[in-house]
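The structure under discussion appears below in the form of structure tokens.
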Amino acid sequence: MKTTTCSLLIIISLLQLMIPVNTEETLDSIIKKLKETLSYGGYLPSTVNRTPSCTSVKAVGRLASCPAGMTATGCSCGFACGSWNIQNENICHCLCLFVDWTVARCCQLRK
């Protein structure tokens, strides 16, 4: 019974491959995309022309603030505390009761 079912599925799959497909439309779309790419000289302009600039800020206690214009992207806490959150997009807050230091990873996009 299993071999009959498998054989039937194989035959159906082969029959689907034999059905004619309209490849003209697919080929036209590929040629159109190729022409668009070549019209840019092989260079596709990026919509983002910025590079990230990051720094780390270390502070004593449970809070570390990023400089103006920068966003906190990650935090690190002393005394092996792995629980933290980011407040107001620029302040790292360690959530453990005993923390001696906090580091904020601060980044900004600049041209």
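Note: hydrogens, waters and symmetry copies are ignored here, and every other heavy atom, side chains too, is used. Heads up: numbering here begins at 1 and tracks the sequence.
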Evaluation steps, disulfide bond (SG atoms under 2.5 Å apart), between Cys106 and Cys54: CA-CA 5 Å; Cys106 307; Cys54 299; over 6 Å; no

Separation between CG of Leu63 and SG of Cys92, rounded to the nearest 0.5 Å: 9.0 Å

Value rounded to 0.5 Å, distance of OG1 in Thr55 from CD in Gln108: 10.0 Å

Pairwise side-chain contact, Cys75 with Ile86, heavy-atom cut-off 4.5 Å (strictly under): yes

Pairs involving residues 59-86, ordered by first then second residue, that meet side chain to side chain donor-acceptor pair (under 3.5 Å) (sequence neighbours left out): Asn85-His93

I'd like a table of donor-acceptor pairs (distance under 3.5 Å, sequence neighbours excluded) in which one partner is a side-chain atom from residues 94-105, with atom names and distances.
from   : atom 1 : to    : atom 2 : distance (Å)
Thr102 : OG1    : Gly61 : O      : 2.7
Arg105 : NH1    : Ser56 : OG     : 2.9

